[in-house]
Participant: 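Got a structure for you, written out below as structure tokens; questions coming shortly.
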Amino acid sequence: MTTIATDWGEMAYLDSGDSGCPLLFLHGTGCDASDWMPVIERLPSEQRCIAPDFRGHGRSAVPTQPFTLADLAGDVLCLADFLGIQELVIVGHSLGGMVAMEVARRSSRVAGLVLLEGWTSLSSAGSAFDPGRFYGSLSKTAIAQIQRKSEETRNRFQAEVWHDFWESVKKFDAYTYLQHASIPIYEVFGGMGRNDLTEQKLRIPSNPHIRWVWIPNAGHYLPHECPVEVVEVCVRYLVLN
């Protein structure tokens with residue numbers, strides 16, 4: 001991994017490939033850039049792929065001052081500036097999808113979004129699906145690894161710093177952005193736990209630029225559970241747009 005200096009410390013990122021519109025991968029809470037490798041390794045080797053570690057995650061420095069979800073979006077834009085990227089597609093999982101929408105709201109350089117259970121708001125996520133689908137079909141070993149990494153990541157932060165950050169995540173709401181977005185957006189969800197009210201509770205507005213994708217027999221951790229299907233969605237975006 002490579003790092004760049006920021007005002008809060010070193011931010012680590014992966015950067016591979018040298019052609020095509022860059023795909024920038026943003027991980028979920030408690031994960032890091034390495035969780036995208038099963039996806040990136042299945043894409044064409046020449047495809048430009050970039051995957052940063054958010055503050056305090058993976059190999060990035062742990063901030064000691066308060067920060068918000070909006071600050072994570074600012075970090076992404078700083079990385080794009082540093083790398084000289086004028087156009088990119090963001091693939092975001094969970095928290096990464098929320099950050100991706102904030103980046104797209106703020107910058108015209110985002111050509112499209114692939115949101116893997118990237119919630120419009122946390123309040124919409126909590127009751128949208130039937131219980132018991134969070135880890136989908138992952139093995140007990142895989143679940144334990146995810147849980148261990150998440151706990152270790154959370155424990156790096158001072159309690160008040162994490163509290164302030166998570167309050168900003170809970171306040172995030174992308175409904176208005178999604179209403180007016182004019183770039184292609186794929187809203188991708190695992191099909192486990194889906195019920196008659198799921199789509200309504202997910203609060204995704206009607207917009208001709210938004211396409212729904214349901215991956216059968218999958219839960220929340222789509223990059224871990226079904227990287228092949230995630231690659232198919234990414235390639236579909238690159239071909240059709």
Side-chain angles (χ1 to χ4, degrees), residues 1-16 24-40 49-83 90-103 106 115-119 121-123 125-126 134-136 138-172 174 219-225 227:
M1 294 190 78
T2 309
T3 62
I4 63 169
T6 73
D7 58 3
W8 51 266
E10 296 287 320
M11 178 167 63
Y13 66 96
L14 298 169
D15 189 356
S16 63
L24 192 147
F25 294 88
L26 300 180
H27 61 77
T29 308
C31 298
D32 58 41
S34 68
D35 291 285
W36 287 111
M37 290 312 297
V39 174
I40 293 173
C49 294
I50 303 159
D53 286 339
F54 286 143
R55 302 184 187 198
H57 291 67
R59 298 188 183 182
S60 287
V62 181
T64 57
Q65 299 299 314
F67 69 99
T68 66
L69 182 149
D71 291 320
L72 298 186
D75 293 341
V76 172
L77 289 171
C78 285
L79 178 60
D81 287 339
F82 177 78
L83 295 175
I90 304 180
V91 184
H93 172 237
S94 196
L95 169 66
M98 300 165 79
V99 174
M101 286 183 275
E102 179 64 15
V103 175
R106 292 166 56 174
L115 306 176
L116 308 178
E117 305 228 341
W119 314 118
S121 64
L122 279 188
S123 61
F134 194 61
Y135 294 106
L138 289 172
S139 68
K140 291 183 179 180
T141 300
I143 294 170
Q145 290 173 341
I146 290 172
Q147 292 174 334
R148 182 170 58 253
K149 181 187 285 189
S150 180
E151 182 178 3
E152 290 173 351
T153 300
R154 170 66 184 84
N155 288 338
R156 295 174 188 167
F157 292 86
Q158 298 174 14
E160 61 273 19
V161 172
W162 182 264
H163 175 270
D164 289 348
F165 162 63
W166 200 247
E167 285 299 309
S168 77
V169 176
K170 290 193 291 185
K171 292 175 182 176
F172 177 81
H220 178 64
Y221 281 87
L222 300 178
H224 305 74
E225 294 177 70

Participant: Output all residues satisfying side-chain hydrogen bond (donor to acceptor under 3.5 Å, both in side chains) with S94, sequence neighbours left out; order by chain, then residue number.
Facilitator: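 S94: side-chain hydrogen bond (donor to acceptor under 3.5 Å, both in side chains) contacts with H220.
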Participant: Would you call L69 and V99 a side-chain contact if the rule is heavy atoms closer than 4.5 Å?
Facilitator: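 Answer yes - side chains close enough.
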Participant: Is there side-chain contact between S34 and L14, with heavy atoms separated by less than 4.5 Å?
Facilitator: no
Participant: Return yes if a side-chain donor-acceptor contact under 3.5 Å exists between D71 and W8, otherwise no.
Facilitator: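 The answer is no; no qualifying pair exists.
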Participant: For T64 and V161, work out which heavy atoms get closest and say how close.
Facilitator: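 Looking at all heavy atoms of both residues, the shortest contact is O-CG2, 3.5 Å.
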Participant: Verify the neighbour count for atom CZ of R106: are there more than 12 heavy atoms of other residues, nucleotides or ligands below 6.0 Å?
Facilitator: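 Enclosed: over 12 neighbouring heavy atoms sit under 6.0 Å from CZ of R106.
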Participant: What are the two closest non-hydrogen atoms of W36 and L26, and how far apart are they?
Facilitator: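 Answer, listing the atom of W36 first, then L26: CZ2-O, 3.1 Å.
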Participant: Quick one: does F82's side chain get under 4.5 Å of Y13's, heavy atoms only?
Facilitator: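 Of all side-chain heavy-atom pairs linking Y13 with F82, at least one is under 4.5 Å.
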Participant: Of the non-hydrogen atoms in F165 and T68, which two are nearest, and what is the gap between them?
Facilitator: CD1-C, 4.0 Å
Participant: Indicate yes or no: at least one non-hydrogen side-chain atom of R156 is less than 4.5 angstrom from one of T153.
Facilitator: yes
Participant: Does any non-hydrogen side-chain atom of C78 lie less than 4.5 Å from one of T6?
Facilitator: no
Participant: Side chains of T141 and S139: any donor to acceptor distance under 3.5 Å?
Facilitator: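 Their side chains do not contain a donor-acceptor pair, so the 3.5 Å distance test is not met.
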Participant: Any chance CD of E160 has more than 12 other-residue heavy atoms, nucleotides or ligands included, within less than 6.0 Å?
Facilitator: yes
Participant: Does S150 have any side-chain hydrogen bond (donor to acceptor under 3.5 Å, both in side chains) partners at least two apart in sequence or in another chain, and if so, which?
Facilitator: none
Participant: Is the closest side-chain heavy-atom distance between M98 and V169 below 4.5 Å?
Facilitator: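 Answer yes - side chains close enough.
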Participant: For a 4.5 angstrom cut-off between non-hydrogen side-chain atoms, does F172 reach M101?
Facilitator: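 A side-chain contact under 4.5 Å exists here.
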Participant: Do the ring planes of W162 and W166 sit parallel (below 30°), tilted (30 to 60°) or perpendicular (above 60°)?
Facilitator: parallel
Participant: So, for G97 and L115, which heavy atoms are closest and what is the spacing to 0.1 Å?
Facilitator: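 Answer, listing the atom of G97 first, then L115: O-CD2, 3.6 Å.
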Participant: Treating D53 as the side-chain partner and A12 as the backbone partner, does any N or O pair qualify as donor plus acceptor under 3.5 Å?
Facilitator: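 A pair under 3.5 Å: no.
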Participant: Measure the shortest side-chain to side-chain distance between E117 and L222 over non-hydrogen atoms and say whether it is less than 4.5 angstrom.
Facilitator: yes
Participant: Output all residues satisfying ring pair (Phe, Tyr, Trp, His ring centres under 6.0 Å) with Y221, sequence neighbours left out; order by chain, then residue number.
Facilitator: H93, F134, Y135, H224
Participant: Salt bridge or not for D32 and K149, using N-O below 4.0 Å?
Facilitator: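 Yes, D32 and K149 are salt-bridged.
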Participant: Strictly below 4.0 Å, N to O, side chains only: are K170 and E167 in salt-bridge contact?
Facilitator: yes
